[in-house]
Student: 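Here it is, the structure in full.
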Amino acid sequence: MCSNAVRAAQTIHAVPGLGSDEMERVAHQTFTRYTSDAMPPPPRKGKGVAIVWFRNDLRILDNEVLHKAWASSQALLPVYCVDPMLFGATYHFGFPKTGAIRSQFLIECLADLKQNLMKRGLNLMIQQGKPEQILPSLAKAYGVHTVYAQKETCSEEVHVERLVAKNLKKVVPPLAEGVSAKHKSTNLDLIWGCTMYHIDDLPFNCTSLPDVYTQFRKSVESKSTIRSCIKVPASLGPTPDVKDWGCIPDASMLGASKGMAFTGGESAALSRVHEYFWKKASDLLKTYKVTRNGMLGPDYSTKFSPWLASGSLSPRFIYEEVKRYEKLRVSNDSTYWVLFELIWRDYFRFLSIKAGNSLFYVGGPRRVQTNWSQDQALFDAWRNGQTGYGFGGSYPLIDANMKELSATGFMSNRGRQIVCSFLVRDMGVDWRMGAEWFESCLLDYDPCSNYGNWTYGAGVGNDPREDRYFSIPKQAQSYDPDGEFVAYWLPQLKPLPKEKRHNPGMMMYMKPIVALKFGNTKASGARRGGVEEKKGKSYRGNRIQ
């Protein structure tokens, strides 16, 4: 499955693989399809000034926050706060919360958002500092009656929301003509906008969320509907009179030196959807379910997750594109499976509401008591891709995946499950060390999916199956049978015959850091993916990748 990708993977793969002119053309065409076509446009009834506080929703298309703020105001002030909290240290183990590669991706997202806003009569004010200080100050300076923002669910983000709301209550905007007298202080209006299924359309309250994904999926599929994307007004201006819009922050250019290099921003996100669904000659969506467990190259899976995590891409837009593809080309298991994994993403978001901070506890939502190691040498060997090779098992697959993560900020869904299993089952290392390292490195990091997946992998999540284990030799045999993935990321193995790349021997590879829990290739074959396997079909997801 990977052989063509290997031959093509001698240089960096840009994702999407379109040139800048073509990306701009695709974005323009997509925006045109989703632009309000009423002529003339309906009258804008709002009054005064409103702020759009951009957070993890760095897009224009299908952005209810932006649309509601535009409809409620005469002038709109888009703001992004470069919050120092996002660039601090992780909670327990002190890794950088936002690593260099994701920082660069964020910068590209902001630059693209600013450009797209300017095309529609707005701009993006970029301020460095805490939102709870910046937003009240701007509200006072520009007489803002409401700050609109996307609602988040995890404790750090919710804490910031509370501080912003508290400080906005101290700001009394001037009573502009037509603005309701209820605005005695500036309001914070938080709007749901990060999932495919809207929280208000679920058939249950989040506190009653099923503990098993399949129950959740069947319930929403049978009882809920997915809302249509919100159309964008052709013009979103004007803005208030702003003298200093700030500048896009700088960051160390530590991007990928091999593998894949993702381009940040909504234009790139829309281009990747176009490329994967419509442009590639091999009709990639049609075979997604067959190829999704690949490891090498840009096209074995959608690669949508970095843009979903930054909010540069709406999951409802993906849904509508899948339905358009099914109507114009084909409807099959692969087209459904993209939606299946978006539902997994939704599930982890809603689970974060039910689980609260237990999602980050060592015992997870089930309060499991386990004596985890925090051995630094073991962990460093894992994160640096230096676990070695030894009797009873092959470790190059672990090392190759971890080197890909460090170099590109990305790892396949299959790879994530394998390296998680190795860290917690073979090494016995505290799963939170792995989760925080992923938080630092991943382009597609969001707390709900990341910690939701790690609690599942560590056996402390809601999943009733315990002691989930991946046989590394079995995984290598199934998903990298010719050793092309490990040879790409561990070049010292490339000269070896294909059958020896996963079993290179200690003369060709480093000594092992630990012994595998189960060395034979038959171990836990029935638990491939950590879930029930029925007639070769895996029913375990991670996130849309």
Side-chain angles (χ1 to χ4, degrees), residues 1-13 101 256-261 291 293-301 377-423 425-427 434 437 441 469-523 525 528:
M1 179 173 62
C2 295
S3 59
N4 290 335
V6 171
R7 284 192 289 271
Q10 303 309 310
T11 57
I12 297 173
H13 281 292
I101 298 177
S257 58
K258 62 187 296 189
M260 293 173 292
T291 63
N293 277 313
M295 291 186 175
L296 190 60
D299 292 338
Y300 62 80
S301 66
L378 288 178
F379 176 76
D380 287 345
W382 177 83
R383 71 168 170 174
N384 294 326
Q386 296 177 336
T387 59
Y389 168 82
F391 174 76
S394 145
Y395 300 12
L397 187 61
I398 302 298
D399 294 348
N401 273 289
M402 297 307 296
K403 288 184 181 299
E404 179 185 34
L405 176 64
S406 294
T408 69
F410 191 84
M411 189 190 294
S412 68
N413 177 39
R414 179 60 47 178
R416 297 181 201 210
Q417 296 179 74
I418 294 168
V419 301
C420 170
S421 173
F422 183 82
L423 183 74
R425 301 298 174 202
D426 292 302
M427 287 185 158
W437 183 244
C441 294
Y469 182 79
F470 284 71
S471 164
I472 307 305
K474 172 67 175 176
Q475 296 293 310
Q477 179 183 1
S478 298
Y479 300 107
D480 189 29
D482 293 330
E484 292 179 322
F485 176 75
V486 297
Y488 182 78
W489 288 105
L490 304 168
Q492 67 268 40
L493 303 182
K494 195 168 186 177
L496 293 179
K498 292 178 179 180
E499 65 274 10
K500 293 288 291 180
R501 287 172 176 171
H502 286 286
N503 299 279
M506 282 182 263
M507 292 295 291
M508 290 295 296
Y509 201 55
M510 65 191 76
K511 292 182 179 181
I513 192 74
V514 294
L516 286 176
K517 185 176 180 181
F518 299 108
N520 67 79
T521 59
K522 296 180 181 179
R528 192 192 69 168

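Values below: every heavy atom of this structure, side chains too, minus hydrogens, waters and symmetry copies.
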Student: Report the residues that fulfil side-chain hydrogen bond (donor to acceptor under 3.5 Å, both in side chains) with N384, sequence neighbours left out, ordered by chain and then residue number.
Tutor: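 If we apply the side-chain hydrogen bond (donor to acceptor under 3.5 Å, both in side chains) test to N384, skipping adjacent residues, there are no hits.
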Student: Taking D482 for the side chain and K498 for the main chain, is one N or O donor matched with an acceptor at less than 3.5 Å?
Tutor: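 No, D482 side chain to K498 backbone: no donor-acceptor pair under 3.5 Å.
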Student: Between atom CG of L378 and atom CG of D426, what is the distance when rounded to the nearest 0.5 Å?
Tutor: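 The CG atom of D426 is 11.0 Å from CG of L378, to the nearest 0.5 Å.
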Student: Take I418 and I472, measure what side-chain contact (heavy atoms from CB on, under 4.5 Å) needs, and give me the verdict at the end.
Tutor: CA-CA 7 Å; I418 294 168; I472 307 305; 3.6 Å; yes
Student: About how many Å separate CG of D399 and CE of M402, when rounded to the nearest 0.5 Å?
Tutor: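 The distance works out to 9.0 Å.
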Student: Work out which heavy atom in G409 is nearest to a heavy atom in I101; give both atom names and the distance.
Tutor: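 Reported closest heavy-atom pair: N-CD1, 3.8 Å.
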Student: Nearest heavy-atom pair of A261 and I12: which atoms, and what distance?
Tutor: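 Scanning both residues, the minimum pair turns out to be CB-CG2, 3.5 Å.
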Student: Could you tell me which non-hydrogen atom of Y300 sits nearest to which non-hydrogen atom of T291, and how far apart they are?
Tutor: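 Y300 and T291 have their closest heavy atoms at O-OG1, 2.8 Å.
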Student: Tell me if a side-chain donor or acceptor on R414 pairs with a main-chain N or O of G294 at a distance below 3.5 Å.
Tutor: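 Looks like no, no N/O pair under 3.5 Å.
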Student: Counting distance only, does the side-chain N/O of W382 pair as donor-acceptor with the main-chain N or O of V419 below 3.5 Å?
Tutor: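 Yes, because the side chain of W382 sits within donor-acceptor range (under 3.5 Å) of the backbone of V419.
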Student: Can you tell me how far apart CZ (F470) and CD (Q417) are? Round to the nearest 0.5 Å.
Tutor: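 CD of Q417 is found 4.0 Å from CZ of F470.
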Student: Taking D480 for its side chain and V486 for its backbone only, find out whether a donor-acceptor pair lies under 3.5 Å.
Tutor: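 Here the side-chain-to-backbone pair exists.
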Student: Quick one, L405 with W437, criterion side-chain contact (heavy atoms from CB on, under 4.5 Å). Give me CA distance, side-chain angles, the key distance, then yes/no.
Tutor: CA-CA 10 Å; L405 176 64; W437 183 244; 4.1 Å; yes
Student: Give the minimum heavy-atom separation between L493 and P396, together with the two atoms involved.
Tutor: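 Nearest pair, atom of L493 first, then P396: CD1-CB, 3.8 Å.
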Student: List for me each residue that meets side chain to side chain contact (heavy atoms under 4.5 Å, CB included) alongside P491, sequence neighbours excluded, and say none if there are none.
Tutor: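 If we apply the side chain to side chain contact (heavy atoms under 4.5 Å, CB included) test to P491, skipping adjacent residues, the hits are K258.
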Student: Drop me the distance from D299's CG to H13's NE2, to the nearest 0.5 angstrom.
Tutor: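 Between atom CG of D299 and atom NE2 of H13 there are 8.0 Å.
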Student: For side-chain contact (heavy atoms from CB on, under 4.5 Å), just list the numbers for L296 and W489, CA-CA rounded to whole Å, side-chain angles, deciding distance to a tenth of an Å, and then say yes or no.
Tutor: CA-CA 10 Å; L296 190 60; W489 288 105; 4.2 Å; yes
Student: Kindly determine whether F410 and R416 satisfy side-chain contact (heavy atoms from CB on, under 4.5 Å), including the steps that lead there.
Tutor: CA-CA 10 Å; F410 191 84; R416 297 181 201 210; 3.7 Å; yes
Student: How many angstroms lie between CD in E484 and CE in M295, if you round to the nearest 0.5 Å?
Tutor: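 The CD atom of E484 sits 13.0 Å away from the CE atom of M295.
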Student: Out of curiosity, M411 CE to M260 CE, how far, rounded to the nearest 0.5 Å?
Tutor: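 Rounded to the nearest 0.5 Å, the CE-CE separation comes to 10.5 Å.
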